[in-house]
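Scroll down for the structure; my scribbles are underneath it.
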2 protein chains.
Amino acid sequence: MDWESFYDAHPSPSNYEPTITAVENFVCSHENKKIVLVTSGGTTVPIEQNTVRFVDNFSVGTRGSASAEYFLEAGYIVIFLYRSNSLEPFVRHFNNSLLDKLEIVDDKLIQVKNSEFDILYPILKKYKDAKEANRILTVPFTTLIEYMWLLRGACMLMDTKYSLLYLAAAVSDFYIPPNEMSEHKFQSKDGPPMIALRLVPKVLKAVTHIWAPNAYIISFKLETDNRILIQKSKEALKKYKHQLVIGNLLHTRKRNVKLISQDDVVEDIVLTDQDIENGIEIEDLIVSNVKAKHDIFLKSHK
Amino acid sequence: MDWESFYDAHPSPSNYEPTITAVENFVCSHENKKIVLVTSGGTTVPIEQNTVRFVDNFSVGTRGSASAEYFLEAGYIVIFLYRSNSLEPFVRHFNNSLLDKLEIVDDKLIQVKNSEFDILYPILKKYKDAKEANRILTVPFTTLIEYMWLLRGACMLMDTKYSLLYLAAAVSDFYIPPNEMSEHKFQSKDGPPMIALRLVPKVLKAVTHIWAPNAYIISFKLETDNRILIQKSKEALKKYKHQLVIGNLLHTRKRNVKLISQDDVVEDIVLTDQDIENGIEIEDLIVSNVKAKHDIFLKSHK
């Protein structure tokens with residue numbers, strides 16, 4: 001199986017052991033509760049051994065970070081496996097603007113401006129409640145290899161019907177084998193380089209068949225071409241035998257997703273202009289829908 | 001000249017006009033004052049027209065964002081041209097941790113915890129002072145093309161001896177011409193793609209000879225191979241005729257830089273372990289050194 005030789009060729013990242021131990025302790029402290037692994041953000045693929053340049057996926061982590069918030073609200077325990085510096089639950093609402101919301105009072109106190117209190121308060125409250133109750137664990141990655149190791153490790157720890165695997169990260173389909181990487185930064189005097197990419201093995205098959213066959217598993221499909229989205233989603237379900245594909249198009253992904261399940265049912269989730277004006281996020285509707293499906297799954301796996 | 005055909009082939013980004021007008025207004029409001037353009041962070045090079053994947057440079061913007069703070073302290077007016085979501089001056093100290101420094105008091109007030117006040121206060125004070133005095137303008141970019149247009153526009157507005165151009169951004173040496181980009185996301189069933197990259201024209205020559213020949217110009221060189229760093233820096237000075245190259249190696253860049261100037265003088269700036277323990281940043285020393293050089297330059301260009 002080519003995913004096995006992929007792991008053989010790429011030893012575990014240096015901080016893998018302590019990280020996966022933290023995940024294990026977290027999972028053990030929430031036994032028999034509904035728990036979701038949300039993966040979020042893109043992975044990098046270095047093109048030099050001393051990494052200066054890399055191929056990246058477009059993803060800021062909106063889908064994953066927003067969904068993690070709604071999963072907490074829906075009563076789930078959350079493991080948030082995310083790309084370093086991509087959006088995080090709660091924090092995402094204030095990226096880079098929080099300093100502007102603060103004011104200095106009499107050089108003795110720093111407080112949130114009155115005008116910002118009503119917006120900040122509910123978010124901060126939910127954030128602190130989730131942290132204090134130890135209901136969320138955030139685990140960062142950067143490279144494809146880090147992601148691959150952490151995904152496998154987390155899945156193997158979550159192989160029960162209570163687990164939802166919500167694989168929203170934009171994982172690279174391609175990589176460059178270490179022995180084909182240039183050791184140093186390309187020199188432009190040598191002319192432009194050609195980068196030959198290899199296909200990353202499809203680990204979803206290992207997730208569904210070996211690492212977490214008992215979990216409820218959701219994969220995501222992002223395309224730019226509407227004509228192939230549904231068909232490719234159905235092919236994925238047939239091939240990997242998991243429960244659900246969430247399909248979306250790059251340019252409409254914030255207002256329209258399609259939920260494709262094993263019986264070839266396609267559900268459309270669409271936000272209206274009114275919904276968007278009212279600040280409704282599509283992840284709220286996705287998570288409600290997914291939770292209902294997971295509840296049915298739980299009942300049928302007594 | 002191939003930079004001209006590069007700009008011809010890549011029309012200005014959609015938000016270019018309002019952005020460069022803001023830069024112009026800012027520059028005009030600070031005439032005859034020392035002003036620095038700090039460029040920071042990496043540029044992206046899309047590999048598909050409907051961009052899902054891109055080639056990126058490793059850079060979180062530490063050098064640029066820290067330097068911008070020290071330039072403000074040294075009395076400069078600052079234009080901070082930075083990669084979207086990379087580190088920003090002042091904000092960089094709190095990325096993703098600011099929510100943890102806040103506490104809710106009686107459900108009525110949100111304030112910075114007492115234990116965090118002493119650290120946060122001086123940074124927030126400097127941030128607010130700089131903003132209120134209109135001494136800093138931040139201008140984001142993402143793609144190589146956005147960077148190239150904003151760089152040219154800003155340089156042409158800053159062609160005086162009072163201007164320091166501190167070009168710390170990690171700009172891609174390579175790009176893919178629009179007509180050679182795939183329209184849609186690569187399909188993995190077609191096998192791994194080959195990406196053929198083209199060399200980005202060296203615009204530094206245009207900066208030094210055409211756009212801002214009167215400014216004090218500093219370029220940066222990041223290498224991974226110690227053996228070629230000084231030699232490549234000297235070659236750059238010979239070729240582009242600017243004032244200073246700041247050279248650094250990927251793995252020691254936070255504690256050692258080399259300042260190479262036209263007369264082949266190489267100055268070493270090194271932080272000791274003690275310095276690092278004391279929280280001294282190498283950008284503090286770089287900016288002091290550069291300011292002294294710019295002052296001499298100003299005196300000799302009466």
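A, B, ... follow the sequence lines: proteins, then strands. Residue 1 opens every chain. Note that the structure is predicted; figures quoted are calculated from it, not measured.
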Could you tell me if the side chain of B:Phe54 sits less than 4.5 Å from the side chain of A:Asn57, heavy atoms only?
no

Side chain, backbone, both or neither: which part of B:Leu120 has an atom under 4.5 Å from a heavy atom of chain A?
both

Where on B:Lys125 is there a heavy atom nearer than 4.5 Å to chain A: the side chain, the backbone, both, or neither?
both

Mind running side chain to side chain contact (heavy atoms under 4.5 Å, CB included) on B:Phe94 and A:Leu98 for me, showing each step along the way?
CA-CA 9 Å; B:Phe94 308 104; A:Leu98 200 42; over 6 Å; no

Using a 4.5 angstrom heavy-atom cutoff, name the option from B:Asp56, B:Val60, B:Val45 with the most pairs to chain A.
B:Asp56

Residue, of A:Val112, A:Ile110, A:Leu102, A:Asn114, that accumulates the most heavy atom pairs under 4.5 Å with chain B:
A:Ile110

Non-hydrogen atoms of chain B under 4.5 Å away: do they reach the side chain of A:Asp107, the backbone, both or neither?
both

Of the backbone (N, CA, C, O) and the side chain (C-beta and beyond), which part of A:Glu116 lies under 4.5 Å from a heavy atom of chain B, both, or neither?
neither

Check the surroundings of atom [atom1] in [X]: do more than 12 heavy atoms from other residues, nucleotides or ligands lie under 6.0 Å from it?
{"X": "B:Lys113", "atom1": "NZ", "value": "yes"}
{"X": "A:Lys254", "atom1": "NZ", "value": "no"}
{"X": "A:Lys205", "atom1": "NZ", "value": "no"}

Rounded to the nearest 0.5 Å, the CD atom of A:Glu103 sits from the CG atom of B:Leu124 at a distance of 10.0 Å

Rounded to the nearest 0.5 Å, what's the gap from CZ on B:Phe90 to CG on A:Leu99? Could you check?
9.5 Å

Looking at every heavy atom in both A:Phe117 and B:Leu109, which two are closest together, and how far apart are they?
CE1-N, 3.5 Å

Ion pair check, B:Asp173 and A:Arg53, cut-off under 4.0 Å:
yes

